[in-house]
Amino acid sequence: MSRYNAKETETKWQGVWNDAACFAVTEDRSKPKYYVLEMFPYPSGRIHMGHVRNYTIGDVIARYKRARGFNVLHPMGWDAFGLPAENAAIEKKVPPGDWTYENIAIMRDQLKTMGLSLDWSREIATCHPGYYRHEQKMFLDFLKAGLVYRKESWVNWDPVDHTVLANEQVIDGRGWRSNALVEKRKLPQWVFKITEFADELLDDLSTLDRWPEKVRVMQHNWIGRSEGAHVRFPFVNAPGYSDTAEIEVFTTRPDTLFGASFCALSPNHPLTTGLCENDEQAAAFVAECNRMGTSEEAIEKAEKLGYDTGLRVRHPLDPDIELPVFIANFVLMEYGTGAIFGCPGHDQRDLDFARKYGLTVVPVVLPPQADAADFEIGNEAYVGDGRIINSRFLNDLTVDDAKRRVIEELESLQAGTGTIQYRLRDWGVSRQRYWGCPIPVIHCGDCGIVPVPESDLPVQLPDDVSFDKPGNPLDHHATWKHTTCPACGKEAQRETDTFDTFTESSWYFARFCSPRAENAMDKDAVDYWLPVDQYIGGVEHAVLHLLYSRFFTRALKRCGYLNLDEPFSGLFTQGMVCHETYQDESGEWLPPADLQRDGGGNPITSSGKPVTVGRSIKMSKSKKNTIDPAEIIGTYGADTARWFMLSDSPPERDMEWTEAGVEGAWRFVQRLWRLISEDTEKLPAIGGPVPTAFGDKASDLRRTTHKTIADVTDAIEQFRFNRAVAKLYELTNSLTSARSEEPDALWAKREAFEVLVRLFGPMMPHLAEELWQRLGHKGLLVDEAWPLADDTLTAEETVTLPIQVNGKLRATIDIVVDEADDSVREAALQQPGVQRAIGEKQVRKLIIVKNRVVNIVV
RNA sequence: GCCCCCGUGGCGGAAUUGGUAGACGCGGCAGACUCAAAAUCUGUUGCCUUCACGGGCGUGCCUGUUCGAGUCAGGCCGGGGGCACCA
């Protein structure tokens, strides 16, 4: 018996599928559609194990749904704009476009060795003008619809990448790519109005019942809806430097308004800025605030500091109450109105501030068990529920009632309004980079900002750029930005900023529906294919990409591109691929591929030095604990890699890649090959007569076969691939021990083999195709329907019943299914183990749960 | 600080959703085949105790609900993730 040659066989079947264009699809209205999409890769150069896991999971679903009779769209493309291409240009003097397309070519070949059921005819690369021209058109449409605006604003500036970052891209005060401390700069920005849909984006999360709860919670928190009120505090004496006669604050606790003892402005508030012009001390205080870091530790340790401006405001509900106005370092300009009122009794931070500056502390909410006569606030603010006190017309109300009542009052006095505040902010998309989609506007000295006429699209990136100077090459280019104004014809300049690369990935799933259409999307095609039925990718995109895509879909709907709200009806977030880490004596990280084993199986360096084994963490270049998928596929074949990916760990959890695990998967591939190909000649012919009767062994095998169909189907539907794998091992084990050569047994064996091959087909498609052919089939397995379990065969005739005494297992008995309680009771009590356990004691109660358990209480 | 998730053998993980805990795989041990090794096959493998039959313990810890708890409830401990001077 020859060994299974994975390499040869895999190449062969990949060729067959390709020649038959098996996975190319069109809108076939006679079948239900199913759109499976994995998050498309950035063309970094080579595929990594995370890709292998992602695309293996997606391919199992795609092939399974196809076998279930769905018209499956399963496309692939490239998220091709981005900074690494520019870095490569600087380091290797290669134009970013060339570098990107070369990487795409390599990675496309690598992906093809995985045997994925992809419709390659739909391949797209976002850096191609045929793709990004549509994005430019969308921008112009968004502009007309008021979903894009330009804003001079404080931005997060990444000093290493020389670009602006969105809030979502700043993690702990650092750039998400460069990890550099982010600085604040004031720049004009193009901004997508994501807050237009804040409510919808939040409310519709509840319709996404096939999304992980975790992701919905994360988006919920990110959008951060707070109900409260805007309240205006008029100045006692209007400050001379401003026309403004009041301070407007946002609060979620208007019920505590009578507990107010101060107001505080952000150091960046316009009133503060005005004040600083006449008050050196205030200016010094503000400068001090701006010097403070924005990192997590800095914020954590920072003392709550204030500067008393000497200004006074009147309480909105009682003009006789006057409150001091501070500038305070903890008030953020970006949230609410950039000003607050402080109620020390019921907010810890306000309390700390009041104690520090000797302000009054009036309790206005009485805890349920406390006595109004002697209730005082000590060192802890009371933030819980209770009855309102010391608050005139609000007294005795609950917190919630008081909120409603006080908002009514404020609104009738025109001193405030009930409002909803979001944490979510609009999405700034301008990036000072070359390798991105140009923003299609022109700056004219006379006409201001003029959109590029649609007939002039696309605004194409120039190829001849230089990276010799830091900053944006588009800005440095000799001719590119110089143009004429579309409105007046005078000399004008192009916008040199490009879009944030998250823009391309916000609509690529729609482009896949009609990738070569003249317009961005063909209506028939998007109506047929969208939404994506199953989207699969890493949880790291829970907020960024997935929120942007939800926004984009709504914006595109408003502009008439498509007709849906939610782009992804099902989402699955897979875990990371981890590996042990290795260090030599000097602490240098060592790649697993460079290690050898000593006599005891311990890893050593190639020169025989000892190696410290560290815990298993996500594969990363910096820790060098990566395994190259190309090498694994070259050695063991794609099926082995795919099988191991699915085997042990549930797909949503992090998994550990181990050599032993791969070996195990590889052994199973060989075992299946031997098991089935050794026996094919003995089996009855395809479509041969069904035996009139089956013996016990054949019946047992058939029951196992059909139960396996039911179990594996169920497991795949639920994304529990590790369980599907276990069930397939069990069927294989049963087949290994089925040695009878009686005609009925051989018939059952052919049935089992064919079921087995079809069930693992989505996971190991090449081996399955090969064995399908060896079993004598002329057609392709990929065109074969999914097997159906025969319920009449899976029903058990007998069941093993556990017998417990006081809840502890003492015996088991085999009974006929649905056996009468009386005979079960009798059999149970006769068991020696049961009698031993009962002993002299009295049987008080005997519980029989049909076909499940017997419990005897003594 | 707030919100969410997770704790099961040496390891990855199963457990029909309240009914025989440890399926399946990895690893280990023993054996067969072999001159030998690899490969393959067979058996065994939660812990403690016993020559054995058997018995005891066991799903992070403590309480509770129940005939019965890995599963439900309450409280701790530990790990991971998200958000965070957000008013």
Side-chain angles (χ1 to χ4, degrees), chain A residues 1 3 172 212-222 224 226 228 249-253 256 264 266 292 294 296 298-305 328-332 334-343 347-350 352-353 383 421-423 539-540 542-543 601 616 643-644 647-650 652-656 658-665 667-668 670-671 674 711 714 720 722-733 736-737 800-812 832-833 836-837 844-858:
Chain A
M1 177 59 55
R3 264 195 165 184
D172 289 345
E213 177 68 18
K214 182 164 93 169
V215 174
R216 296 198 316 232
V217 167
M218 282 165 68
Q219 292 212 357
H220 184 99
N221 291 341
W222 188 264
S226 307
V249 306
F250 173 73
T251 178
T252 55
R253 293 298 302 273
T256 64
S266 162
M292 288 214 312
T294 49
E296 199 180 341
I299 288 166
E300 198 72 36
K301 287 186 197 131
E303 206 180 345
K304 310 293 174 256
L305 295 174
N329 64 349
F330 59 86
V331 181
L332 303 174
E334 301 88 53
Y335 187 77
T337 61
I340 60 162
F341 85 79
C343 175
D347 181 284
Q348 191 58 43
R349 199 185 41 205
D350 292 349
D352 295 343
F353 190 82
V383 295
Q421 186 70 43
Y422 295 93
R423 211 189 68 97
V539 74
E540 65 273 18
V543 177
S616 187
W643 185 254
F644 177 52
S647 289
D648 280 354
S649 302
E652 71 278 9
R653 234 180 272 184
D654 290 351
M655 66 169 289
E656 190 181 359
T658 61
E659 189 68 15
V662 186
E663 294 276 354
R667 276 202 298 274
F668 185 61
Q670 297 291 342
R671 193 176 148 207
R674 257 182 281 116
D711 289 346
D714 197 48
R720 305 179 73 174
N722 54 323
R723 248 176 112 230
V725 163
K727 294 295 175 188
L728 290 168
Y729 269 113
E730 284 181 37
L731 179 58
T732 307
N733 291 344
T736 307
S737 49
T800 304
L801 202 63
I803 315 297
Q804 302 175 334
V805 177
N806 284 349
K808 289 199 173 176
L809 183 73
R810 295 300 171 186
T812 59
R836 246 196 320 272
R844 290 227 314 252
K845 206 170 174 186
L846 196 145
I847 292 151
I848 298 176
V849 182
K850 223 172 192 42
N851 302 329
R852 268 285 149 75
V853 75
V854 176
N855 193 12
I856 300 162
V857 187
V858 297

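All figures in this text were calculated on a predicted structure; none of them were measured in a lab. Below, chain A is the first sequence line, B the second, and so on; all start at residue 1.
Both A/Asp347 and A/Ser647 sit near RNA chain B, but only A/Ser647 has its closest nucleotide nearer the 5' end. Nearest-nucleotide assignment on RNA chain B puts the 5′-proximal partner with A/Thr658, out of A/Thr252 and A/Thr658.
Judged purely by atom type and a 3.5 angstrom limit, A/Asp350 uses its side chain to pair as donor or acceptor with the backbone of A/Cys343.
Nucleotide B/C76 has B/G60 as its partner under the Watson-Crick or G-U criteria, with both atom distances under 3.5 Å. Look at B/U17: it lacks any Watson-Crick or wobble partner with both distances under 3.5 angstrom. Figure legend. B/C2 is base-paired to B/G82; pairs are counted as Watson-Crick or G-U wobble with both atom distances under 3.5 Å. Across every strand in view, B/U42 sits in a pair with B/A30 that passes the Watson-Crick or G-U test at under 3.5 angstrom. Within the shown strands, nothing qualifies as a pairing partner of B/G68 under the Watson-Crick or G-U definition with both distances less than 3.5 Å. B/A36 is unpaired under the Watson-Crick or G-U wobble criterion, no partner having all donor-acceptor distances under 3.5 Å.
For the pair A/Arg671 CZ and B/C24 P, the interatomic distance rounds to 11 Å; values are reported in whole Å. When the C1' atom of B/A69 is taken as reference, atom CG of A/Asn806 falls 15 Å away, rounded to whole Å. A/Leu728 places its CG atom 14 Å from the C1' atom of B/A23, with the value rounded to the nearest Å. Taking atom CZ of A/Arg844 as the reference point, atom C1' of B/G68 lies 14 Å away to the nearest angstrom. Counting to the nearest Å, the C1' atom of B/A38 and the CD atom of A/Glu663 are 12 Å from each other. Rounded to whole Å, the distance from CZ on A/Phe250 to P on B/C86 is 13 Å. To the nearest angstrom, C1' of B/C3 lies 15 Å from CZ of A/Arg216. For A/Lys845 and B/C67, the NZ to P distance is 5 Å, given to the nearest whole Å.
Atom CG in A/Asp714 sits 8.5 Å away from atom CZ in A/Arg720 (nearest 0.5 Å). Separation of atoms OG1 (A/Thr736) and CG (A/Leu731) is listed at 9.0 Å; rounding is to 0.5 Å.
The closest side-chain donor-acceptor pair between A/Asn733 and A/Arg671 falls under 3.5 angstrom.
Atom name C1', nucleotides B/U63 and B/G81: the rounded distance is 29 Å, in whole Å. Only the C1' atoms considered, B/A14 is 14 Å distant from B/U20, to the nearest whole Å. B/G46 sits 23 Å from B/U42 when the C1' atoms are compared, rounded to a whole Å.
By the side-chain contact (heavy atoms from CB on, under 4.5 Å) test, A/Gln348 pairs with A/Leu351, A/Asp352, A/Glu380, A/Ala381, sequence neighbours left out. Not a single ring pair (Phe, Tyr, Trp, His ring centres under 6.0 Å) links A/Tyr335 to another residue, sequence neighbours left out. The ring pair (Phe, Tyr, Trp, His ring centres under 6.0 Å) search around A/Phe330 returns A/Phe353, not counting sequence neighbours. Residues passing the ring pair (Phe, Tyr, Trp, His ring centres under 6.0 Å) test with A/Phe644 are A/Trp657, sequence neighbours excluded.
In this model, a side-chain donor or acceptor of A/Lys304 finds a partner on the base of B/C85 within 3.5 Å.
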Scan nucleotides 13-20 of chain B against the protein and return all N/O pairs shorter than 3.5 Å with their distances rounded to 0.1 Å.
| from | atom 1 | to | atom 2 | distance (Å) |
| --- | --- | --- | --- | --- |
| B/G13 | O3' | A/Asn722 | ND2 | 3.3 |
| B/A14 | OP1 | A/Asn722 | ND2 | 3.3 |
| B/A15 | OP1 | A/Arg720 | NH2 | 2.7 |
| B/A15 | OP1 | A/Arg723 | NE | 2.9 |
| B/A15 | OP2 | A/Arg720 | NH2 | 2.8 |
| B/U16 | O2 | A/Arg852 | NH2 | 3.3 |

Just the atom pairs and distances: protein N or O near nucleotides 55-58 of chain B's N or O, under 3.5 Å.
| from | atom 1 | to | atom 2 | distance (Å) |
| --- | --- | --- | --- | --- |
| B/G56 | OP2 | A/Arg810 | NH1 | 3.2 |
| B/C57 | OP2 | A/Lys808 | NZ | 3.1 |

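Within the 4.0 angstrom heavy-atom criterion, no nucleotide atom of any strand lies near A/Val249. Within the 4.0 angstrom heavy-atom criterion, only backbone atoms of the sugar-phosphate kind lie near A/Tyr729; the bases stay farther away. Among the protein residues, A/Asn733 comes within range of the sugar-phosphate backbone only, with heavy atoms under 4.0 Å from sugar or phosphate atoms but none that close to a base.
Exactly one residue among A/Val805, A/Leu846, A/Asn806 makes a side chain to side chain contact (heavy atoms under 4.5 Å, CB included) with A/Val857. That residue is A/Asn806.
For the pair A/Val725 and A/Phe668, the minimum side-chain heavy-atom distance is 4.5 Å or more. Contact check for A/Val539 versus A/Lys214: side-chain heavy atoms found under the 4.5 Å cut-off.
For the pair A/Arg667 and B/G25, the criterion of a side-chain N or O lying under 4.0 Å from OP1 or OP2 is not met.
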